[in-house]
Structures are given as structure tokens and as C-alpha cells.
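For reference, positions follow the sequence shown, starting with 1.
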Amino acid sequence: MRQQNSTSTLRLDPERSIRSQIAGYYRDRIVRGELHPGDRLPPARTLARELGVAEANVHHAFGKLAGEGLLIRRPRAGSVVARREPGLRGVAVFVPWRSLMRGEEFTRLLVRFLAARFEESGVECHVLYDTPGGTGWNGLRRLASERRIQGVICRTIEPDELKFYQALHLPFTGIGSLRIANRISLLTAELIGKMAEALRATGCRSFGVIIPERPAPGFLPVLRRCGAAAALEFREEWLYDGSHSAESFIVDRAAFAWNAVAHLNTLRRRPEGLMLFSDDLVEGVTMAFYRAGVRVPQDYRLAIHHTRENPVIFPFACTLVQHSIAEIAGALAEQLADLCSGKVPRAPALDIALTPYTPPVIAAVESRNDDPQGESRA
């Protein structure tokens with residue numbers, strides 16, 4: 001095992017992120033083969049003193065590389081360059097128990113597309129579903145220790161899950177909003193901008209948001225910026241997110257959506273439009289609208305984040321702002337391939353489509369009204 005002490009080629013730019021520069025320096029050396037599996041990096045304290053930076057910056061940079069599967073960090077042993085298997089022979093697709101509790105169609109289809117993708121590539125795909133007793137986690141650790149997999153795709157990467165994935169010492173990626181390179185986020189500024197655009201096209205002048213997660217701190221400024229770009233008013237009181245729930249992870253999204261509509265209906269002034277950030281909210285919103293006598297589009301105009309492969313069962317006209325599950329699966333597979341070959345994972349450019357939706361019953365009535373012969377044939 002070689003000790004790597006030289007940082008003679010690392011010149012820090014004070015105008016850029018110190019952490020990102022340190023991580024980038026060692027990432028490049030590992031990818032180019034200058035650092036080999038088993039090579040030990042300098043202790044964080046030593047490197048920080050040599051570079052004249054805070055030790056926390058070095059820890060953060062090394063932690064980022066460990067999260068990408070490039071380093072292994074062990075207590076009292078330091079940071080060591082990870083051994084990387086040539087080629088991708090086996091992968092695991094891991095679904096946490098909380099995602100199973102929600103019974104999402106999205107998850108079922110995502111797993112199916114991923115398994116088909118790897119089967120076509122000749123890569124053995126192990127699908128693991130977790131249980132309250134941790135059966136899935138134990139199976140994932142066993143596959144990793146037996147070296148039967150070279151990477152993992154996670155249904156979610158939540159803050160409390162990240163340390164478990166990192167402990168596998170394997171490249172991994174998944175869906176989440178954490179600020180790490182090896183993940184895909186669906187909740188982007190582009191998506192919010194498309195939803196604002198969809199509402200503005202209906203003549204809407206203001207909007208509220210229902211989202212069953214607790215978004216990152218930067219979410220509110222993005223809402224305001226995208227709203228302003230579409231000439232839409234937004235108020236913080238019109239945001240109903242996961243912080244309104246006592247649960248850290250919301251399983252019953254129908255009940256959450258019901259409570260969101262009930263809350264918005266108590267406000268002195270309500271928004272003209274609503275962004276629903278999950279088609280899992282549709283059932284609860286529908287029940288709440290019927291209970292309160294809400295009319296669409298007279299009382300609310302709707303833009304719903306939806307995945308194309310999911311069936312649409314909604315009694316109100318709206319605009320569907322759509323991702324493709326097949327495309328998401330492909331992007332996750334490409335990111336994992338990048339990570340396993342030592343490359344920086346590609347940031348996906350996922351297509352987002354705006355699709356006007358009219359419920360079948362309304363569409364049929366409108367069709368008859370447009371047909372001058374309809375009455376006589378009836």
C-alpha cells in the first residue's frame with residue numbers, strides 16, 4: 001500500500017469552492033490511473049495544513065469521493081483508493097421498505113425497465129426489496145461482500161439512507177434531491193418552470209404548491225423565480241409541503257393531499273392554480289374537491305407532475321407535466337456505468353412534456369356538442 005503525500009500540482013483558486021477543487025484533483029488522479037487501488041491518501045489534518053485550508057473542507061471532499069465509490073474511508077486507517085472491477089457484470093436494484101409501503105406504480109415500472117435494460121446488456125440484475133426487519137439491506141450487503149455486484153441503483157437516496165449505501169464501498173446512484181453527483185433529481189428548476197408555463201397558458205395569475213416532501217432550502221427561491229418568469233404570483237402560505245406532516249416520510253399521500261386542499265381552502269385569499277408534485281396526490285385532491293364543492297377550472301387550474309407510463313385516472317381537466325420512467329431508468333443505468341468505469345457521472349437531460357388532459361366523460365360530451373348531427377342521431 002503506497003502513501004500518497006504530494007499535492008505539488010494542486011493550486012487552489014480562492015474564487016472557487018475549495019471542497020470541489022480538492023475532490024476534483026483526487027478524482028482526476030484516480031480516473032487517470034495515477035493513484036492505484038489500495039493507495040492511501042494523506043491524512044485530512046496533514047493535507048489541510050499543507051494547503052492552508054480548514055480540515056472540514058478536506059473531510060467533505062474525501063467524503064464526496066467515497067460517496068462516488070472512488071475512496072474507502074475507515075476509522076484510524078484513513079482514506080484509501082477503492083478497488084474497481086473491470087466491466088460491469090452484476091448490479092443490484094434496491095427498493096427501500098418505505099417505497100414499498102406506498103405501493104407506487106412508478107416503482108414497479110422503474111424496476112421493470114431497469115431489469116430489462118441490464119438483461120439486454122448481459123449484466124446480471126439482482127432486485128432486492130427491503131422489509132421492516134432489514135432483509136433487503138442484509139441481502140445487499142451480502143452481494144457486495146461476495147463481489148457479485150459492482151454497483152447499486154437505489155429507488156431513493158434519502159439523507160438517512162446515504163450512509164448505508166456509502167458503507168457498501170461500491171458505486172451507487174439513485175433518485176433523490178441530495179446535493180451529490182451520483183443521483184438523479186426530478187424536482188428541478190426546469191420542471192418547476194414547465195409547470196409555471198402550463199398554468200400561465202390557462203390564464204392563471206397565481207399558484208400554490210402541494211408537495212409531499214420536505215424540499216431543500218433552495219426550493220422556495222426557485223418557485224419564486226419560476227413564478228416571476230411566467231408572470232405568476234406566489235406566496236409562501238400557498239406552499240403545502242411535508243413539513244406540515246408529523247411523519248418524516250409520508251406514506252398515505254391521499255390523506256396528505258386531502259389535508260393540503262383543506263388547508264388552502266381556509267386561507268382568506270387562495271391561489272388560482274395548483275402545482276401537484278406527484279400523481280400520487282390525485283386521489284386525495286379529487287376527494288377533497290368533491291367534498292368542498294371545488295370546481296375546476298373555475299376555482300383552481302391544475303398542473304400535475306406525472307409519468308407517461310402511469311395510467312391517468314382524474315375527473316378534472318388539467319395539464320400533465322410529464323417525465324418518462326423508461327428514460328429515467330436509462331439515465332440511472334448510464335450514471336452507474338460512468339461511476340463503475342471511473343468517470344464523473346453524466347447529469348441527465350430528461351425530456352419534460354406538457355400534455356393537456358381532458359377526462360374521457362368531458363371529452364365525449366364536448367365531442368357531441370361539436371357534432372351538429374349528434375342530437376338527431378341520439
Side-chain angles (χ1 to χ4, degrees), residues 1-10 19-48 50-51 55 57-94 118 121-126 128 137 139-154 157 161-174 180-183 332-346:
M1 182 181 291
R2 300 185 304 169
Q3 176 75 45
Q4 297 295 318
N5 294 317
S6 174
T7 56
S8 58
T9 59
L10 176 54
R19 300 173 176 184
S20 297
Q21 290 179 77
I22 296 172
Y25 171 78
Y26 282 105
R27 183 189 294 111
D28 290 345
R29 293 192 66 193
I30 293 170
V31 170
R32 289 197 302 263
E34 295 174 10
L35 296 178
H36 304 105
D39 285 353
R40 191 190 304 276
L41 270 58
R45 182 176 299 175
T46 303
L47 183 57
E50 181 180 335
L51 296 175
E55 188 177 337
N57 287 321
V58 180
H59 281 298
H60 187 281
F62 285 1
K64 183 178 181 63
L65 295 176
E68 295 174 12
L70 296 173
L71 293 182
I72 296 174
R73 306 191 76 194
R74 296 191 179 102
R76 295 183 296 278
S79 299
V80 178
V81 177
R83 187 170 301 280
R84 309 184 70 73
E85 297 287 345
L88 189 59
R89 304 186 310 275
V91 301
V93 176
F94 182 75
F118 288 119
S121 305
V123 176
E124 186 177 10
C125 181
H126 305 265
L128 297 101
W137 279 118
L140 187 60
R141 282 193 287 265
R142 185 170 59 253
L143 288 171
S145 65
E146 294 172 356
R147 307 180 77 83
R148 294 171 61 191
I149 56 174
Q150 287 77 54
V152 182
I153 291 180
C154 321
I157 302 180
E161 297 168 345
L162 184 60
K163 60 182 179 182
F164 293 104
Y165 298 134
Q166 291 175 334
L168 297 171
H169 304 307
L170 287 175
F172 66 89
T173 186
I180 56 177
N182 48 318
R183 64 94 174 96
L332 287 168
E334 289 174 0
Q335 273 206 351
L336 189 64
D338 284 344
L339 290 163
C340 289
S341 61
K343 300 176 183 176
V344 177
R346 282 167 280 185

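Separating the CD1 atom in Ile72 from the CG atom in Leu168 is a distance of 11.0 Å, to the nearest 0.5 Å. Taking CG from Leu65 and OH from Tyr26, the interatomic distance works out to 10.0 Å, rounded to the nearest 0.5 Å. Rounding to the nearest 0.5 Å gives a distance of 11.0 Å between CG of Leu332 and CG of Asn182. Going from atom CZ of Arg141 over to atom CD of Glu146 covers 13.0 Å, rounded to the nearest 0.5 Å. In this structure, NE2 in His169 is found 11.5 Å from OG in Ser145, a value given to the nearest 0.5 Å.
Partner of Leu143 under the side-chain contact (heavy atoms from CB on, under 4.5 Å) criterion, out of Val91, Val152, Leu128: Leu128 alone. Just one residue in the list Phe164, Trp137, Phe172 forms a side-chain contact (heavy atoms from CB on, under 4.5 Å) with Phe94, and that residue is Trp137. Each of Val81, Asp39, Val80, Leu35 was scored for a side-chain contact (heavy atoms from CB on, under 4.5 Å) with Leu71, with one residue passing: Val81.
Minimum heavy-atom separation, Arg27 to Val344: CD-CG2, 3.2 Å. Closest approach of Ala144 to Leu170, counting heavy atoms only: CB-CD1, 3.6 Å. When all heavy atoms of Arg89 and Arg147 are compared, the pair lying nearest together is NH2-O, 3.9 Å. The nearest pair of heavy atoms linking Pro42 to Phe62 is O-CE2, 3.6 Å. Summarising the geometry of Arg183 relative to Ile157, their closest heavy-atom pair is CB-CD1, 4.2 Å, with the distance given to 0.1 Å. The two residues Pro171 and Gln150 have their closest heavy-atom pair at CD-O, 3.3 Å.
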